Amino acid sequence: MEDAYARSVPEVLEFFAVDPTKGLTDFQVAEHGRLYGKNVLPQEQSTPFWRLVLKQFDDLLVKILIAAAAVSFLLALANGETGLSAFLEPSVILMILAANAAVGVITETNAEKALEELRAYQADVATVLRNGWFSILPAADLVPGDIVEVSVGCKIPADMRMIEMLTDQLRVDQAILTGESCSVEKELDATHVTNAVYQDKTNILFSGTVVVAGRARAVVIGVGSNTAMGSIRDSMLKTEDEATPLKKKLDEFGTFLAKVIAGICILVWIVNIGHFRDPAHGGFLRGAIHYFKIAVALAVAAIPEGLPAVVTTCLALGTKRMARLNAIVRSLPSVETLGCTTVICSDKTGTLTTNMMSVSKVSVLQSAYDVPVVAEYSVSGTTYAPEGTLFDNSTEVQLESPANLHCLLHTAMCSALCNESFIQYNPDKRNYEKIGESTEVALRVLAEKIGLPGFDSMPSALNMLSKHERASYCNRYWENQFKKVSVLEFSRDRKMMSVLCNRKQMQIMFSKGAPESVLPRCTDIMCNNDGSTIRLTPEIRSEIESKFQSFAGKETLRCLALALKRMPLGQQALSFDDEKDLTFIGLVGMLDPPREEVRNAILACMTAGIRVIVVTGDNKATAESLCQRIGAFDHMDDFEGLSYTASEFEKLPALQKTVALQRMTIFTRVEPSHKRMLVEALQHQNEVVAMTGDGVNDAPALKKADIGIAMGSGTAVAKSASDMVLADDNFATIVAAVAEGRAIYNNTKQFIRYMISSNIGEVVCIFVAALLGIPDTLVPVQLLWVNLVTDGLPATAIGFNKQDSDVMKAKPRKISARFLFCFSFCDLVGAVYVGLATIAGFVWWFLYSDNGPKLPYTELVNFDSCPTRATNYSCSVFSDRHPSTVSMTVLVVVEMFNALNNLSENQSLFVIPPWSNLWLLGSIVLTMLLHVLILYVEPLSILFSVAPLSWAEWTVVLYLSFPVIIIDEILKFFSRKSSGFRFNFRFRRVDLLPKSEAHDK
C-alpha cells in the first residue's frame, strides 16, 4: 500500500481486512504471504567466479598480449624449439595477466558485500497480534496487515502505519534512512502533502529505524523489497560501477595502441615481402614466418607489459600514504579519481557536523536592575565529551566557576534530574557515547561543563578522574543529592516534562520543555547574580521571548526552557495541574555543531576549484544556518538561487534545473533517491562527483558517485558501497586526500610517459633494423625483460616524486584530458634516440668491436644471403649473442638515464637533482644489478640469449647512452624559453553521442 501515509487509520485497516483488536487469522496470514511475499531482502544472485575471472581479460591490451604470447609459442614450436625457451615468453605474460586478474576479482567480490550488509538493519523478532493473541515471532514471518507493537529500543521490523498510541508520544531515530540529526515524533493523523518524502510521512514507521521513546501499535504495510530499506537495495542493484578516469584513459590507450601495433606489423611485413624468397629462409613460407616473428617482436616491444603492474603499484603506494592521513582506500583506481574531482556532495549530519547535539547558548536573567537584563553565555565543545567552558557574551570572558552563578547552577540541576538519558565512555572507540535522546544527552553534557559548586568544581579535581568516572560525575552527584519521587512524562499537548525530587526535607519540581509551553506557565523568575526570585513582569517576559526568537529564528537553535517549583512536603505524585506558577530558570539553545576544521577545508576546496554542495535530510533553514555558522560561505550575501529543497528542485523546468545545478550550494529535505539523482545530474554535466555520507540512506549515491566517501563511524552498508573511508570522520581529510590524488595523477602521468617513450624507442629499434635489413637486434624474451624489469622498477619509483607545493592551487583537470596521447617534442626526440642508440650498439659490434668480426656494412645488411655465397668469415657470427647483448645493454642504460629525465617535465636536473627522489636512484641501482646478473650468471645468460661484456664494450654502452641526458636538457631549455616549441600529438575520437550520453557509456 503505497499511499498509506495519506489514508486514515480505518481506511488502512479496511484495505488489509484486519481487526485491530484481534489481528490477522492464520488463513489471512497464508493468503497475504502468497500475495506479498516474505519479509526478507531477497538474496541477489552473485556473479559466478569463472565469469568474474573472464571479465578481467575483457580488455583490448590484455587480448593483444594473449595473442602475442600464443603466436610466440606457436612460432617457437614451428621452428623446432622445445623446453624452457619455447614457454618462457608466453608463461611470463600469462603470469602477469593472472596477477592482475586476481586483484580485479578481489575488488569486485568486496563490492557485493554492501548488499549483504543491508540485512543487518532488519529486525530479528517482532511482537505480533494474531488470532486475538500477542506473540513474539521472527520478523521474517511478518506479512502486510499484521498488527505489531513497538516500544523503546525496538528495531522496526517492516514499514508500518501507526494505528494506536499507547503512551503520550512515540519518537523514532531514522537518521540511517533520512540523515536527520534529531529523532522524529510520530503521529496517527493522515499526511496530505504533495510529493511527500520520507520526512513528511510522520505516521509511518520505517523498517530498520529504532524507537527511542514511547510505545505504540502499527499495521504492516510493506515487507521485504517493498520497504524503504528495500528501495535502497534496489537502487544499489541498478547502479553500475562507472569506469574511473584512469581506467578510461588506459582503455583509450589500449585502443590506440592496438591500431598502431597492427599498422606497424603490417607495414614491416609489406616492406619485407621481397625478402620472403631469400635463400637463407629456405622458402617463401619460412620467410613469411620469419618476418611474422619480427612483427610479433614489434608487438611485444610496443606493449608496455609492466604498465598494469606499475599503475597498480603506484596507486597502492598512494593508498598507503593516504592511510597515514586517515583516508582508507577500498578501491585503488579511486585514488587517482580524487585528483580530478570537481564537485563534493557532502552529507551534513555527521560529516560537516559532529552528529552530537550540543548546547551552544544559555540565556538567564542576570538581574532586574542590571543592564542588560538578560545575560547570555556561549558554551564551547562540540562532542559528548564533558570538556568545554562557558563564556560571558557581554564581556567575552571565560567563567572560572560557572556553578557559583545561581541560574547556571540550577540549570545544571534541572538538566541532570529532568533527564532519562545516559552518557558513557567507550574505551574501545576512545570516545563518549549516548544512550537516549540527543537533546537530553546535550543537557547531561551541559551539566558536566557547568560543574559543581565549591571545591568539587575545580578543573584539577575533575581532571584527576578516569574518563569512565568523568563521563557523568556531576550528573551522578545531583542524582545522589536529590531523590526522584515522581515523573510526568513528555506529552505532545503539553510539550514539557516534569520530575518531582526530594532533598533534605525539601521538595522541588524541575520542568523542561518547549519555551512556548513553559514560559506561559511561569509567574516568577530566578536572578543569576544573587539567586533571588522576582515576579516575571511583562517587560522581562518580552526580553526572554525576544531572546528565544533570536535563538530559534536567526540562529536556528533547538530551544528548551527550564523551570522549577517548590512543592509541599510529603507529596508523592505529580499531576498536570502542578505545572503552573513555575519559576523560570533559563533558556538553552542547542545544535548539531559544525566540525571546527570544516571551514578551512571548504575554503581550500574553493581555492582548488572544487565546489561543495551540502546535502541533508534536514530542513532548509537549518542547513542554511549551518553554512553561515561554518563561515566558509561568507562571500554569499544570501542563499537565493543557491539553496533548494528536493521538491523545489524537482518542480523546476529542465533548463532552470541545469542552471540550478551549476550554482547549487545547499540541497535539503532529500531522500536516498534524490541524492542518487543529484549525482547523476552532475555527472551528465561532465562533473567528477565525490559523495560523502555515513548512513544507509547514503549507500546508493555513494555507489553511483565517481568516488564514494564513507565516514569511519558510519554504517557498514555505507562503507561497503564506498571507494574510500575516512577513519576520523573529518571532512578536512578529504582535502588532503584530493591533494594526494592530484600528486598521484602527476606522477602517473610522468611514469606512463616514461614507459611509453621507452617502448617507442624499442619499436624504432626493431622497425629501423627491419628497414635496414640487418639481423634481429633484440629477441622477444629480451624485450620482455626490459619492459617488465628494467622499465618497471624506475617507472614505479617515479611514483615517489614529491608533491608540488601549489598542487591545490590549480583548477581540477578536465576529465577529457588525454594525457596518455600527449607526447612532448622532448619525449619524441628522446624515444627516437633510444631506438637509434640501440641499433648503433648492435652495428658497432659487427663493424668496429675488437671482439667482433669487423665486417663491412654491406656484409651486415646482406647477412641473409651468407650461406649461398663464399665469405672469409663464418656465417655463425650472425648467431653470436654479443651484438644483441650490447644493444640490450644500451637500451637498459639509456632508459636509466631517461628515467632521471622524468623527474620533471620541464625542469633541469640542475634544479631537481637525482637525489630528490632516492627511490628512483635505488631502483636504477637495483635494475643494473639485475641486468649484470643475467649477463654473468650462466643459466640466466643462456635463457635470455646474452653474453658477458668486456670493459671496452661497457665503455661504448656508456658513450651511446649518456647523450640522452644532454639532448633532453637542451630540449627542456628551449621548451622553457618558448612555449610554442612544444607540441602535442593528439588522437581524438569523434563523439557520436551527446555529452551526457557519452558520459554514461
Side-chain angles (χ1 to χ4, degrees), residues 1-40 122-174 183-192 196 201-224 226-229 488-494 576:
M1 189 175 187
E2 295 183 357
D3 62 342
Y5 65 90
R7 303 286 187 91
S8 65
V9 172
E11 285 179 306
V12 176
L13 294 173
E14 183 183 353
F15 179 86
F16 291 110
V18 59
D19 183 342
T21 62
K22 295 181 180 179
L24 296 175
T25 63
D26 290 339
F27 174 78
Q28 286 177 306
V29 169
E31 188 67 16
H32 288 195
R34 185 180 62 80
L35 286 173
Y36 304 108
K38 296 197 69 174
N39 185 32
V40 292
Q122 292 182 290
D124 297 322
V125 295
T127 304
V128 188
L129 177 64
R130 285 182 183 173
N131 301 308
W133 298 94
F134 274 104
S135 57
I136 297 176
L137 299 176
D141 292 345
L142 288 180
V143 296
D146 266 327
I147 305 297
V148 178
E149 186 170 305
V150 295
S151 57
V152 176
C154 282
K155 188 179 286 185
I156 305 299
D159 280 8
M160 305 191 295
R161 168 68 160 87
M162 296 271 292
I163 61 170
E164 183 183 358
M165 286 279 194
L166 301 177
T167 55
D168 291 327
Q169 67 160 346
L170 185 84
R171 299 190 71 85
V172 177
D173 181 355
Q174 54 188 42
S183 61
V184 178
E185 186 176 345
K186 295 297 181 178
E187 56 189 24
L188 299 177
D189 298 336
T191 303
H192 300 290
K201 299 174 183 178
T202 53
N203 52 26
I204 302 294
L205 304 178
F206 295 106
S207 174
T209 60
V210 179
V211 178
V212 296
R215 185 164 149 256
R217 286 178 188 167
V219 59
V220 176
I221 59 171
V223 295
N226 296 317
T227 62
M229 206 64 70
L488 271 181
E489 295 287 353
F490 182 93
S491 65
R492 292 179 59 200
D493 53 345
R494 290 162 42 245
F576 295 149

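All values reported here derive from a predicted model rather than from experimental measurement.
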Ring-plane angle category for Tyr36 and Phe16, please: parallel below 30°, perpendicular beyond 60°, tilted otherwise. perpendicular
Minimum heavy-atom separation for Thr227 to Ser207, with atom names? CB-CB, 4.2 Å
NZ on Lys201 to OG1 on Thr191, rounded to 0.5 Å: 9.5 Å
4.5 Å side-chain heavy-atom contact, Ser151 and Val211: no
Output, in order, the C-alpha distance, side-chain angles, deciding distance and verdict of side chain to side chain contact (heavy atoms under 4.5 Å, CB included) for Asn203 and Leu188. CA-CA 5 Å; Asn203 52 26; Leu188 299 177; over 6 Å; no
So does Arg215 get a backbone contact from the side chain of Thr167, meaning a donor-acceptor N/O pair under 3.5 Å? yes
Exercise: identify the closest heavy-atom pair between Lys186 and Ile204: NZ-O, 2.7 Å
Phe206 vs Ile156, test: side chain to side chain contact (heavy atoms under 4.5 Å, CB included). Steps then yes/no. CA-CA 6 Å; Phe206 295 106; Ile156 305 299; over 6 Å; no
Check Val12 against Ala4 and note the closest heavy-atom contact, atom names and distance. CG2-O, 3.9 Å
Quick one: CZ on Arg161 to CZ on Phe15, what's the gap to the nearest 0.5 Å? 13.5 Å
To the nearest 0.5 Å, what is the distance between CG (Asp146) and CG (Asp141)? 9.0 Å
Drop me the distance from Thr21's OG1 to Glu164's CD, to the nearest 0.5 angstrom. 10.0 Å
Can you list the steps and then say if Glu187 with Thr202 is a side chain to side chain donor-acceptor pair (under 3.5 Å)? CA-CA 6 Å; Glu187 56 189 24; Thr202 53; 2.9 Å; yes
For the residue pair Ala216 and Met162, what are the closest heavy atoms and their distance? CB-CE, 3.9 Å
Looking only at heavy atoms, the pair that brings Ile147 and Gly23 closest together is CG1-CA, 4.1 Å
Side chains of Glu14 and Arg7, heavy atoms from C-beta outward: is any pair under 4.5 Å? no
From Leu35, Val220, Leu24, residue fulfilling side chain to side chain contact (heavy atoms under 4.5 Å, CB included) relative to Val143: Leu24
Rounded to the nearest 0.5 Å, how far does CG of Asp19 lie from CG of Asn131? 11.5 Å
Rounded to the nearest 0.5 Å, what's the gap from CZ on Arg494 to CD on Gln169? Could you check? 10.0 Å
Does a side chain donor of either Asp159 or Asn226 reach within less than 3.5 Å of an acceptor in the other side chain? no
I want to check something: taking the side chain as every heavy atom from C-beta on, are Leu170 and Leu205 in contact at a cut-off of under 4.5 Å? yes
Is it the case that the side chain of Gln28 and the backbone of Ala17 share a donor-acceptor pair, with hydrogens and angles ignored and the cut-off at 3.5 Å? yes
Spell out, as yes or no, whether a donor-acceptor pair under 3.5 Å connects the side chain of Lys38 to the backbone of Gly33. no
I'd like to know if the side chain of Asn39 and the backbone of Pro157 have a donor-acceptor N/O pair within less than 3.5 Å. yes
Decide yes or no on side chain to side chain contact (heavy atoms under 4.5 Å, CB included) for Leu142 and Val128, but give the supporting numbers first. CA-CA 8 Å; Leu142 288 180; Val128 188; 3.4 Å; yes
Between Val152 and Ala213, which heavy-atom pair has the shortest distance, and what is it? CG2-CA, 3.7 Å
